[in-house]
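To start, the structure under review is shown below, and the notes come after it.
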Amino acid sequence: MATTVSSAGGLLAMLNESHPALKIHALTHLNTFVNYFWPEISTSVPIIESLYEDEEFEQRHLAALLVSKVFYYLGELNDSLSYALGADHRFDVSEDSDYVHTLLAKAIDEYASLKTKAAEANYESAVIDPRLEAIVERMLDKCIADGKYQQAIGVAIECRRLDKLEEAVIKSDNVHSTINYCIDVSHNYIYRREYRLEVFRLLVKIYQQLPSPDYLSMCQRLMFLDEPEGVASILEKLLRSESADDALLAYQIAFDLVENEHQAFLLKVRDQLPNAKKLHPPESKQPESAQPDPVPVADAVADADAATGSNAVVSEEVQMTDVTQADDSPTCLDPREAAYDEKLTKMKGILSGETCIQLTLQFLHGHNKSDLLILKTIKQSVEMRNSVCHSATIYANALMHAGTTVDTFLRENLDWLSRATNWAKFSATAGLGVIHRGHLQQGRSLMAPYLPQGGAGSGGSPYSEGGALYALGLIHANHGEGIKQFLRESLHSTNVEVIQHGACLGLGLAALGTADDDIFDEIKNVLYTDSAVAGEAAGISMGLLMVGTASEKAGEMLAYAHETQHEKIIRGLALGIALTVYGREEEADTLIEQMTRDQDPILRYGGMYALALAYRGTANNKAIRQLLHFAVSDVSDDVRRTAVLALGFVLYSDPEKTPRIVLLLSESYNPHVRYGAALAVGISCAGTGLSEAISLLEPLTSDVVDFVRQGALIAMAMVMVQTSEASDSRVGQFRRQLEKIILDKHEDTMSKMGAILASGILDAGGRNVTIKLLSKSKHDKITAVVGLAVFSQFWYWYPLIYFISLAFSPTALIGLNNDLKVPKFEFLSHAKPSLFEYPKPTTVPTTTSAAKLPTAVLSTSARAKARASKKDAEKAIAEKADPSSGKGKASEKDGDSMQIDSAAEKKAEPEPSYEILTNPARVIPAQEKFIKFLVDSRYVPVKSAPSGFILLKDLRPSEPEALALTDSLSSTAPNATGASATGQQGSASSMAVDDEPAPPQAFEYTS
């Protein structure tokens, strides 16, 4: 019969006995009942402690365990852990109790904290208590033995135990998925860049030991580690393989790396590959329809001849200079070498970015759905005297047609365009660079009419010449190998500050992140002329050139910013310095500290950008805290506004957090802080259509301050880009709101400008692009982040608006075969088509009737009308009773009602729950999860991906292939209006703005 113990007094008395057996008996039973009697036992803690300290007492570890438990119940966790360490093996890590769980968590936190301090301050690891290390090791071993690999990985990463991390990964059931879990944990929870890179090095080492490595993931990690040699050796190995699938995998790896937009790294990889022994001519040329004649923007004349000025000679010259010619003739190779050689040529085309750009250009041109009627409405509603709105319309057109090569609107409105003067002319010319972005072969010939001819003083407008050089930078952004030299010469051969301004911006864009010392010195020479206009662009350009290098040259830039008196130069340098520390995280802390403590508010403003870009996409708590501190405490409105805006860059990898963090700031009394909150949400939630973001921005679009409304409208467009009205009804409301603001004669200029820009962003790239700051492999898209950072400077300098086009990412699925051609095949979107369809084109109101006055109605007329309607009703009832009687006898009056009925019948048909798409197709981010390949499809992807460039295995190679995106599909040259006669845009959108249809083709009449 069990006895119930009601007090620990008897057992505690035994502790004072001299015989060890009695003490052991007491300790054993007290340990069992400690959770009931710990208040009593706590009075005898000194006696139990003395037993633990007695080296000769054989159960001293049991005494330590009992003391540890008593302290645990007393809430003294530090003392409890200290005695648990003394309990040695008696502290059982496998015990399932609150006591063990709490102390293990405490032990892991303590150990992780000590390991982190040791790593950061270079202490010797000997300062860590070996007993603490033993407990954590026992815990890790138990997790691995029990198959709880994810738990072991989390603890090992937190405690910096890479040996245990390796053991957990190798012993796991599915090594590939475990490595992917490690990568996700590293991105989301490791806040120190150096340590994250250590983990990636370990993962690459594990990959190399596997019998079948995941080369796709491995190359992404090598890119993070900046090891181009490793990537090049993997690509070469795959290309030399006998298997056709390996070559497809190599191409897929290259396309995935190009998506990260790291020009300098990709060029290093390309240069590491061996040279081809035989030169191949370029496989395909740019689509002819994507090669319109230059638009006479700067010197626009009203006569029609100007619209179609030809430039064939220049084009030919440029193509001669652009294509590298071979000195030696092709050598004879055996078939295997020839095949490898061909693969190598294709690979270099992908790594240089040319293949991707060409395919994207063809896609955007062929699928262009921009609505020219929106632009016509904006143009008609904007007063000619208002130069801000006039320029904003030109910006909106450029963004709406970014990358599509369609400049119909400009060609049709040359007279209106010619009113742009000075810097507006600069912007109008630069806009062509956005429209023709990616025209690497024809870029220079397109811009030739406006480029500086034979140095300074050639008679052209310096504004259009400067704009043309800026346009060249936008066309070749991040792919400037072919144009860098020309831009350098243009910069070298002019002293006109407007042309220098354009050349600096163009050169920075073309040589983005290449850290070329010679180019840096040339730009520095422009900076040292101390010209405010040229110096501002030089400062930004130096940053673009050195982006992410953490170069010591930032020190020179900072020193000059302290010397010069020009605010514009200081502002350009402040942003440039911030760009140099892009992605360097804790490495940039010294420079950030220096800038944020500066007395000059412009440099503190640069410090906010430095914080934003150094910690971009990391959601780092320290960076968020610092930015929030400046957002509420700095004396300068500029600094406060930028501090809030910068939160958008830090948080874009976790967009759901942003609306929550900036909610209170969006209700601030300070309009600058509200503006910053709007743009922070716009940047971090761009392209997501996030409901919380839209809800936060909605009240700000009708704010009392004009510039806050402007920022909110632009931010809302960024969030809503590629979101359909079917998936969120607020998209339609927002479009109507924009139209109302633009048409309202009494609306202020700032809001109107915001609404016009928002219209351009909402329909960007022919409604086929979104704003995307992260690639599918969770790598930040450098060009996109930098583009948005410089775009946010438009507050001071409107021409920088065009930088937003760098963040545009095509929403396309483009499947490629092993020849890198685009085969036609069908795949499935398993969702209602209306959810992801293009917005409906706007229509011209059919009648412009004036408001009707109330009409007098006579009583006799009313009675006659009533009799007629009664007769109609009786007739309708009779026809329903005998349907044959009414057949074919419907009066003209009935015609309307019949049409309505038939429309209603059509509407009643249920919408299909899926849609069949044909490669290449528009696939927007929200649609990606519904994309599936058909079961009996001829093509299967090398890696399952819902969008982007996907390499396809052909399961029926003997059958003939039908190809899409071929030159023949879009080979019609542009007509006088610049619209392609075959492209979808040519027929629809040019008709939308014409007052009457085009005359029919010539024909012969025969009777």
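Fair warning: this is a prediction, and the values are worked out from it, not measured in the lab.
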Task: Rounded distance (nearest 0.5 Å) linking atom NZ of K376 with atom CD of E412 - done: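 The distance works out to 8.5 Å.
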Task: T770 OG1 to I924 CD1 distance, which is reported to the nearest 0.5 Å - done: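 Interatomic distance, T770 OG1 to I924 CD1, rounded to 0.5 Å: 8.5 Å.
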For [X], enumerate each residue passing the side chain to side chain contact (heavy atoms under 4.5 Å, CB included) test, keeping only those at least two apart in sequence or located in another chain.
X    : answer
A534 : E497, Q500, V526, S531
T723 : S727, D728, V731
D748 : D706, R709, M750, S751
A398 : V434, I435, Y802

Task: By side chain to side chain donor-acceptor pair (under 3.5 Å) - contacts of K379 (at least two apart) - done: N413
Kindly write out the residues that satisfy salt bridge (charged side-chain N to carboxylate O under 4.0 Å, His left out) with [X], not counting sequence neighbours, or none if the list is empty.
X    : result
R922 : none
K568 : E536
K745 : none
E489 : none

TODO: Would you kindly say whether Q737 and T701 are connected by a side-chain donor-acceptor distance under 3.5 Å?
DONE: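 Yes, side-chain donor-acceptor contact under 3.5 Å.
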Open item on the list: Between F486 and L472, is the side chain to side chain contact (heavy atoms under 4.5 Å, CB included) condition met? List the steps.
Closed with: CA-CA 10 Å; F486 172 75; L472 279 182; 3.5 Å; yes
TODO: Could you check whether the rings of H390 and W416 sit parallel, tilted or perpendicular, using 30° and 60° as the cut-offs?
DONE: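 Rings of H390 and W416: tilted, 30 to 60°.
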Partners passing ring pair (Phe, Tyr, Trp, His ring centres under 6.0 Å) against [X] (at least two apart in sequence or in another chain):
X    : value
F734 : none
F794 : F791
F836 : F930

- [ ] Assert yes or no for the condition that the ring centre distance of Y470 to H501 is strictly below 6.0 Å.
- [x] no
Open item on the list: Are Y798 and W423, when compared by the centres of their aromatic rings, separated by less than 6.0 Å?
Closed with: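 Aromatic pair excluded; centres sit 6.0 Å or further apart.
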- [ ] Could you pull out the closest heavy-atom pair between H439 and L446, with the gap in Å?
- [x]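 Looking at all heavy atoms of both residues, the shortest contact is CD2-CD1, 3.3 Å.
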TODO: Would you mind checking if D763 and R735 are paired as a salt bridge, meaning a charged N to carboxylate O distance below 4.0 Å?
DONE: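 A salt bridge is present here (some side-chain N lies under 4.0 Å from a carboxylate O).
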